[in-house]
Structures are given as structure tokens and as C-alpha cells.
Number of protein chains: 2
Amino acid sequence: MADMLDRGTHDGAVRFGPLAESLGLLLRLSQLHSFHDFYTALERHHVRPGEISILMMIRENPGIRQGVLASALMIKRAHMAKMARRLEDAGLIERSVPPDDRRAMELRLTAQGELRAAEMTPDLEAHEARNFGGLTPEEAATLRTLLRKYLALDAPKED
Amino acid sequence: MADMLDRGTHDGAVRFGPLAESLGLLLRLSQLHSFHDFYTALERHHVRPGEISILMMIRENPGIRQGVLASALMIKRAHMAKMARRLEDAGLIERSVPPDDRRAMELRLTAQGELRAAEMTPDLEAHEARNFGGLTPEEAATLRTLLRKYLALDAPKED
DNA sequence: CGGATATTGTCTACGTGGAAACAGAATTGC
DNA sequence: GCAATTCTGTTTCCACGTAGACAATATCCG
């Protein structure tokens, strides 16, 4: 093994330079890292990763409208429309037009959707318990808190 | 009109429930939030977001091979091949086959690529300085440190 | 009321990124 | 040396997600 001069010849020896301080890149790489683990942990439920969060959100917010859910998950309405249609075709959610606004589309879980969501929950929690990467559980908790604050998400308002 | 990060744009705020504790979703939302800001800050350079990190990485690691760069940025070789081709066509990078391994492809910035990278650097740094979201600079520094540790980017990994 | 504007979901075209198969080159085993 | 295997980049096809235009509905204002 030579000295450290031959960087760039192996995976672990690449210099990130200023990019190592880029929050955007760090978030991107972390998201990819977490996503890969997430996908392998839940693939056996035959539900796409993006659809999982939709199911869980509808379970927490029955009757939520597509656009509201889309902006909560930071995806576009066009994409939400496709996924909602697919989940409806799969029999997991039900879409209904509310009488007070016939443009809108309210989303609710079907019985089958509830079952699927309940089936996924343990795997989700197990994934969360393992998804610390190189962090201690305390550091992971700090990380979550910081991310929620970064997103200005910490406003758990109760009705 | 919702200009800020108010996911509860209606009377009832959207409840994230257990997903508010999901590191994967928090990372995903944070990455999307950062990405949007990143894109608007650098779109005038006419370089795609994914290509910016490639240019910066090549600048830090001249002669790096496509596959090594791909795994460092956690993207697939197939995709790296396309982007490298596009950057070569744009005259920003130069691709050369090293004599010791004629399968490989070494990447370097052209003079034009160096210029473009130098042009982008101030905007990148300005973006980093503004991209704290709801965090204080100290919290942002902690967040970066935690993300690097999560990715095991600080500790040099040996086989 | 009736026209102008905004909102909601949807559709089409496009860009981004991956999976799998492939060709060429390097390495290993015989 | 030669076949088999492995590694590198590439190609093709496909899934995910967005941008922009659209129709239908709701709201605002004269």
C-alpha cells in the first residue's frame, strides 16, 4: 500500500473538497443512503416507496385533498394525481368528490388500504430503528430534530 | 398564497403522525427543500444540478475515473456515462483513456470547464450561507457534522 | 347576473435516474 | 497461449417526477 497520494483510484479515497461542506449534497447523499435501505426493507409489501408515505399520510389525515397532500409531501399535483389513481386502481384508497367543492378530490383508505398500512407499520418501525447509519441513537434523535427545524415542521397542531 | 413552508395551508394542519419521526422522510423532504433553493440559485449558469457536483468533484480530483466518481456521488455508472458524455459535448470536461487500462475513462476539466466552475463557486457559497432554513448557523454546522457521520464520510474506510 | 381570475385535478412531453444486457479490455486459471 | 471470469463504460428500456397546458369548478368584481 502506497502513501495517501494516489487518491482517486478507489472509492473511499475521493476528495470532496468544498462539497463536503455543502448541506445540499450531504442531504442528497444521505437521502440516497437511507432510501436504499428503506426500499430493501419494504419491497416485499409490493408498494412503491413513494406510495408508502401517501398511504401513511392518508391514514393520519382521512379525507385529505390531493393538492394538500402533494404540497405536504413536496411533490407536484401532476405526480400525485398519477399515484392516487394507481392506489385507487390497486384498491388501497378511495377517492371522492366533496359536495362543497366539486373540483377537489378527497382521499381515504379502503379496508384493504388500512390492512396494508397496518402490515407495513412494523417494518417501517424496524427500519427506523436500524437506520442510524454511523450515528448513535442519541445523535439520530438530534438529527431528526434538526431536520424538522430545518423544514419548519415542528408545529404539531392538534384539532 | 403560501410562500413559506406551511404544509397546513388550510384550516386544519396536516398531521405527519409517526412519519414525523421517519428519518428517511425527513431526509427526503429536506433534500427537496434544499434542492429547490439550490436550483433557483444556480439556474442562470445553464448547468443542470446533477452536473454541478460532477464539475466540482472533477475539479477536486482531476483524472478521476467515471466509475469512481459515480460511486462517490452514489449514482450508477450508466447515468454517469450519460452526464459525462453531455459535459464533454458541452466542452466542459475532457475524457481520456489512460494507457494502463484502456477500459477506463479519466475525467478532467477543460479551460472552459474551469471557468464555469469558478463562475459558479460564489453562487454555491452564497447558497450555502443562505441555506440554513429555520436553523441557526451553529445548528446547521451540527447538522452537517451529523450527516457526514451518518454517511461515514469523515472516517476513512478501509477494506 | 356575467365576465375575469384563481384554483383543482388531469394530461402530455420531457428530464432524471436505475436495471439489465452488452462489448471491449484486463485478469485469472488451465 | 487460450478460455473463463471480472471489471469498465455504454446502450436500451423503463420507472419516477416535473413543467406546462388544459378543462372544469369556484371565487371575485363590475
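We name chains A, B, ... by the order of the sequence lines, and we start the count at 1 in each one. Model, not experiment: these values are computed from the prediction.
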To the nearest angstrom, the CD-C1' distance between A/Gln66 and D/dG17 comes to 16 Å
Contacts of A/Met105 and A/Lys82 projected onto DNA chain C by closest heavy atom; the upstream (5') one is A/Met105
*asked:* Please tell me if A/Arg95 has a side-chain N or O lying less than 4.0 Å from either OP1 or OP2 of C/dT10.
replied: yes
Regarding the side chain of B/Asp101, the nearest nucleotide among C/dA26, D/dT25, D/dG9 is C/dA26
B/Glu43 CD to C/dG15 P, in whole Å, measures 16 Å
The answer to which of A/Arg102 and A/Lys76 contacts DNA chain D further toward the 5' end, by nearest nucleotide, is A/Lys76
By nearest-nucleotide position on DNA chain C, the 5'-leaning member of B/Asp100 and B/Met83 is B/Met83
Can you see whether B/Thr121 engages B/Arg59 through a side-chain donor-acceptor pair at a distance of less than 3.5 angstrom?
yes
_Let's go through A/Gln66 and A/Leu107 carefully: what are the C-alpha distance in whole Å and the side-chain angles of both, what is the deciding distance for side chain to side chain contact (heavy atoms under 4.5 Å, CB included) to 0.1 Å, and is it a yes or a no?_
CA-CA 7 Å; A/Gln66 283 190 192; A/Leu107 307 179; 3.8 Å; yes
Closest to the side chain of A/Arg48, out of D/dT10, D/dA15, D/dT25, is D/dA15
Per ring-ring contact (aromatic ring centres under 6.0 Å, His included), A/His127 is matched among A/Tyr39, A/Phe38, A/Phe132 by A/Phe38
Between NE2 of A/His79 and P of C/dT12 the distance, given in whole Å, is 16 Å
Out of D/dT10, C/dG9, C/dC11, minimum distance to the side chain of A/Arg85 belongs to C/dC11
(Q) Regarding B/Ala78, tell me which of base, sugar-phosphate or nothing describes its non-hydrogen contacts under 4.0 Å with the strands shown. (A) base
Regarding the side chain of B/Arg103, the nearest nucleotide among C/dA25, C/dG18, D/dG20 is C/dA25
| Linking I/L/V/M/F/W/Y whenever their side-chain heavy atoms sit closer than 4.5 Å, directly or via other members, would B/Phe35 and B/Leu29 fall into one cluster? | no
Side-chain contact check for A/Arg28: nearest option of C/dG17, D/dG20, C/dT16 is C/dG17
Atom CE of A/Met80 and atom P of C/dC11 are separated, to the nearest Å, by 15 Å
Separation of D/dG9 atom P from B/Arg65 atom CZ, nearest Å, is 8 Å
To the nearest angstrom, the CD-C1' distance between B/Glu106 and D/dG9 comes to 14 Å
Smallest heavy-atom separation, B/Leu146 atom then A/Leu135 atom, equals O-CD2, 3.5 Å
Whole-Å distance, B/Phe35 CZ to C/dT16 P, equals 9 Å
To the nearest angstrom, the CD1-P distance between A/Ile54 and D/dG17 comes to 9 Å
Among D/dT18, C/dT10, D/dT10, the one nearest any side-chain atom of A/Arg77 is C/dT10
